[in-house]
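One structure is given below, encoded as structure tokens.
So that the names make sense, note that chain A is the first sequence line, chain B the second, and so on, each numbered from 1. For clarity, every value in this text was computed on a predicted model and none was experimentally measured.
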Protein chains: 4
Amino acid sequence: MPNDQRVPEPDASAGPVRALRADAQRNRTRILEAAEAVFAAKGPSASTEEIAQKAGVGIGTVFRHFPTKESLLKAIMHAVAVRLAEETRALAAQGDPATALFTFFTRTVEQAAEQKTVVDLLAQAGIPVTVAKPVLALREAVEVLVGRAQQAGAVRSDVRAPEVMALLIGLCQASLHIRWEPELRARTLAVVFAGLRPATAPG
Amino acid sequence: MPNDQRVPEPDASAGPVRALRADAQRNRTRILEAAEAVFAAKGPSASTEEIAQKAGVGIGTVFRHFPTKESLLKAIMHAVAVRLAEETRALAAQGDPATALFTFFTRTVEQAAEQKTVVDLLAQAGIPVTVAKPVLALREAVEVLVGRAQQAGAVRSDVRAPEVMALLIGLCQASLHIRWEPELRARTLAVVFAGLRPATAPG
Amino acid sequence: MPNDQRVPEPDASAGPVRALRADAQRNRTRILEAAEAVFAAKGPSASTEEIAQKAGVGIGTVFRHFPTKESLLKAIMHAVAVRLAEETRALAAQGDPATALFTFFTRTVEQAAEQKTVVDLLAQAGIPVTVAKPVLALREAVEVLVGRAQQAGAVRSDVRAPEVMALLIGLCQASLHIRWEPELRARTLAVVFAGLRPATAPG
Amino acid sequence: MPNDQRVPEPDASAGPVRALRADAQRNRTRILEAAEAVFAAKGPSASTEEIAQKAGVGIGTVFRHFPTKESLLKAIMHAVAVRLAEETRALAAQGDPATALFTFFTRTVEQAAEQKTVVDLLAQAGIPVTVAKPVLALREAVEVLVGRAQQAGAVRSDVRAPEVMALLIGLCQASLHIRWEPELRARTLAVVFAGLRPATAPG
DNA sequence: AATGAATGAGCATTCATTCAT
DNA sequence: AATGAATGAATGCTCATTCAT
């Protein structure tokens, strides 16, 4: 038997509600990976069939795990949001509040250049309605970063989190349409960062 | 200006390749207007049938004028680009180079909030490949605005046009995903403008 | 002749709302015929694809004429109901009220044996909710037949139309499941008719 | 009765071909019960998965016991037929032949209104081909009821069992499509019974 | 040149049946 | 023997594109 479920150990914190058979878990993972890749490359209009093919499973299997295409998309978003929020919290927990926000901003824009999913996720973070928990967590993590940066004097005190999110969303969206030569991306970010810093900020 | 259509001169150089019968020309115009409205409201996924209906022509007529949906979209982009470029040139020709760029930037973001087409157009302006003339014209007009603003001391001298375009594209894209409360839009633009101004910029 | 539509003569009582091109009208007819045959043979679960094939048209054409499978089914029901109601009215207008109801009953059961559609239609006539006009017309026509038959003394005066409908529906449904040898059908109808006649009715 | 399973005799002649392990037998029973309930409520188009769930077994177990959905349906029919036949025989064995047939008829129609399975079963009883033994038993039991009723003078002597079956089937089918207000059902049955009674039938 | 009917590939989703665990 | 995950053919429906009228 593959799953020795002797005790209902409460540490089963990750994954779906019920324990899955080993093969089902493997397929679920493959589907998520395939979906992340396909959605990242082609956006949410990519066909479920293509995802199934890339995952090497039948179309029925995809729908067994995710009863609608919508739910699959949400799961991907969820995962990406969790990852981003974690990265953000890690940055917030690190030493330098003055640079954490800028680092996060830069990293996220870089990721967006490669993953449409990140772009789409942030797009959802822009609409303050019907947002799932992980998206909210991301928003809150950004708010923390902004607050810390302000306390450290790295960001003007009259800046608020929503416009930071707006700028972040915008540059990530732009990634869908701009061939970011590294220097161009750097110069664009420099403008935004300069705009965020106090007017008297040293070079 | 090439298109004063007083006489049915067969060599009309603007517009489609060959001269069109008067009714054909009228249909072409109606289709473009309908497509601009529909794409502006629903984005590029709107159905061609809907456009034909709004234009009051048969679907076949749409495809006679534009052999693919793609080509219709491009034509719309073309038209919007022409209009934007003209507005931009008008601004450049006006009196105050110090504010012209910011005015243009603000106006365009506002338009984007209402017209998906503007967003899509700018998206294309971000890809330096396969750009049609009107899009290039827009890029150049923006370059002029940036140059003038720099000469007027309103924009840092190390800023270049591409990052201004990138920021513009990004904020327009963001319009698709953010509910721009007017103050939020203003504060977001303020950050960008602060980033563009010289560090020691006067008020 | 397809359509000599010189004047908007108001007698265009049959067919869809707008005049159709000759080919479209032809296809519409073929689809209806195919659908009637297929539904009659296999019931409402028959696939739309099969109907399209039998009609010799693409699947898209079926959906252009009938935007949902449901609507196609309704159209068939409508047509059958109209036909049945007309037959019924014709019988009612004829000379002998004493036999008209029995004739109608017999004929309908015979038709049901060949056409599932008739069975399904009558099934709908049994549910007094959300019935379309032609179905109501059929119910009313049957009520007339019953009333006339009672006035002629051919049917007991305490019988009401609903149970006549119920018996009709039942025997039509039975046709789906019984191999009606002609004598069996006749004997079964004889029982029902005997039950409808006054107790003192002459043999 | 052959199936007293005191000992695991390997040659048990009734039920499935071979003797089953105790738990398999239990599962078989649960599946049949679940299927009867689900089919009774939703008709034969109910999904096999739902039946498995209601039975508390895996879908695979259902297919192990019944290799096709069709075979499961037949088994249900079998069971219902056995029950109905027994009820019928019990009525025949009772005291009053004059009313037994009518009682049976009334009861069955009432059951049909609640159990689609009864309707479907009788539908099969109408086709004299490929009838399983229990269905035949039911037909024979009805024949007995009819014969007794005729001997008692409650039913005309020229009536034969097949038309009684046809009427029974029809009214049960009608139950699927008619909202049987109790009075309507009573009046409908009254017509049929009047048709079955001798013309000069006393009271 | 205009029309709009016809086409058919493509999509999301369901479900009877099979098979690895 | 039991499980339930996997399968994939089939269905209703959409829409860009073609073509007869």
Side-chain angles (χ1 to χ4, degrees), chain A residues 1-3 18 20-28 31 45-50 52 56-70 72, chain B residues 20-25 27-28 45-53 56-70 72, chain C residues 2 18 20-28 31 45-52 55-70 72, chain D residues 20-25 27-28 45-53 56-70 72:
Chain A
M1 221 176 307
N3 45 358
R18 290 231 160 247
L20 290 177
R21 249 164 50 175
D23 56 347
Q25 184 57 261
R26 200 180 323 126
N27 272 346
R28 188 186 166 91
I31 290 168
S45 72
S47 88
T48 315
E49 184 78 40
E50 183 182 350
V57 303
I59 183 67
T61 304
V62 175
F63 277 90
R64 160 173 278 265
H65 284 277
F66 303 94
T68 63
K69 185 187 178 181
E70 181 73 16
L72 176 54
Chain B
L20 292 176
R21 267 169 33 180
D23 56 345
Q25 184 56 260
N27 273 346
R28 188 186 166 89
S45 73
S47 87
T48 316
E49 185 80 40
E50 183 180 352
I51 291 167
Q53 224 154 17
V57 303
I59 180 78
T61 305
V62 175
F63 276 88
R64 162 171 285 269
H65 283 278
F66 304 95
T68 65
K69 187 186 179 181
E70 181 70 16
L72 175 54
Chain C
R18 290 225 161 253
L20 288 178
R21 250 165 48 179
D23 55 346
Q25 184 55 261
R26 201 181 322 126
N27 273 345
R28 188 186 165 91
I31 291 168
S45 73
S47 89
T48 314
E49 185 78 40
E50 183 180 351
I51 291 168
V57 302
I59 182 71
T61 303
V62 175
F63 278 92
R64 160 172 278 265
H65 285 277
F66 303 94
T68 63
K69 186 188 178 181
E70 181 72 17
L72 176 53
Chain D
L20 292 177
R21 266 167 36 179
D23 55 346
Q25 185 56 261
N27 274 346
R28 188 186 167 89
S45 74
S47 88
T48 317
E49 185 79 42
E50 183 180 350
I51 290 168
Q53 223 154 18
V57 304
I59 179 80
T61 305
V62 175
F63 276 88
R64 163 171 284 268
H65 284 277
F66 304 94
T68 64
K69 186 186 179 181
E70 183 69 18
L72 175 53

Exercise for review: Give a yes/no on whether any side-chain N or O of N27(D) is located under 4.0 angstrom from OP1 or OP2 of dA1(F).
Suggested key: no
Study note, to complete from the structure: Contacts of G58(C) and G56(B) projected onto DNA chain E by closest heavy atom; the upstream (5') one is G56(B)
Check your understanding: Do R28(C) and I31(C) come close enough that some side-chain heavy atom pair is under 4.5 Å?
Key -> no
**Study point:** Residues forming a side chain to side chain donor-acceptor pair (under 3.5 Å) with E49(A), sequence neighbours excluded
**Key:** none
Close N/O contacts between protein and nucleotides 11-15 of chain F (under 3.5 Å):
from	atom 1	to	atom 2	distance (Å)
dG12(F)	OP1	K69(C)	NZ	2.8
dG12(F)	OP2	T48(C)	N	3.1
dG12(F)	OP2	T48(C)	OG1	3.3
dC13(F)	OP2	K69(C)	N	2.7

Review point. Can you tell me how far P of dT17(F) sits from CG of L72(B), to the nearest Å?
Key: 11 Å
Exercise for review: Mind checking side chain to side chain contact (heavy atoms under 4.5 Å, CB included) for F63(C) and listing every partner two or more places apart, or none if nothing turns up?
Suggested key: T48(C), I59(C)
Point to revise | Pairing string, 5' to 3', for DNA chain F - Watson-Crick or wobble contacts under 3.5 Å, brackets [ ] where pairs cross, | to another strand | key: .||||||||||||||||||||
Check your understanding: Does K69(D) reach the main-chain N or O of S47(D) with its side chain, forming a donor-acceptor pair under 3.5 Å?
Key -> no
Practice item. Return no unless some side-chain N or O of R64(B) is found under 4.0 Å from OP1 or OP2 of dA1(E). Key: yes
Study note, to complete from the structure: Rounded to the nearest 0.5 angstrom, the NE2-CG distance for H65(A) and L72(A) is 11.0 Å
Practice item. Can you tell me the distance, in whole Å, between the NE2 atom of H65(C) and the P atom of dT7(E)? Key: 9 Å
Practice item. Report the distance from atom OG1 of T61(A) to atom CZ of F66(A), rounding to the nearest 0.5 Å. Key: 11.5 Å
Exercise for review: Please list, chain by chain and in numerical order, all residues satisfying side chain to side chain donor-acceptor pair (under 3.5 Å) with E50(A), sequence neighbours excluded.
Suggested key: K42(A)
Practice item. Specify the residue among T61(A) and R26(C) whose closest nucleotide of DNA chain F lies further upstream toward the 5′ end. Key: T61(A)
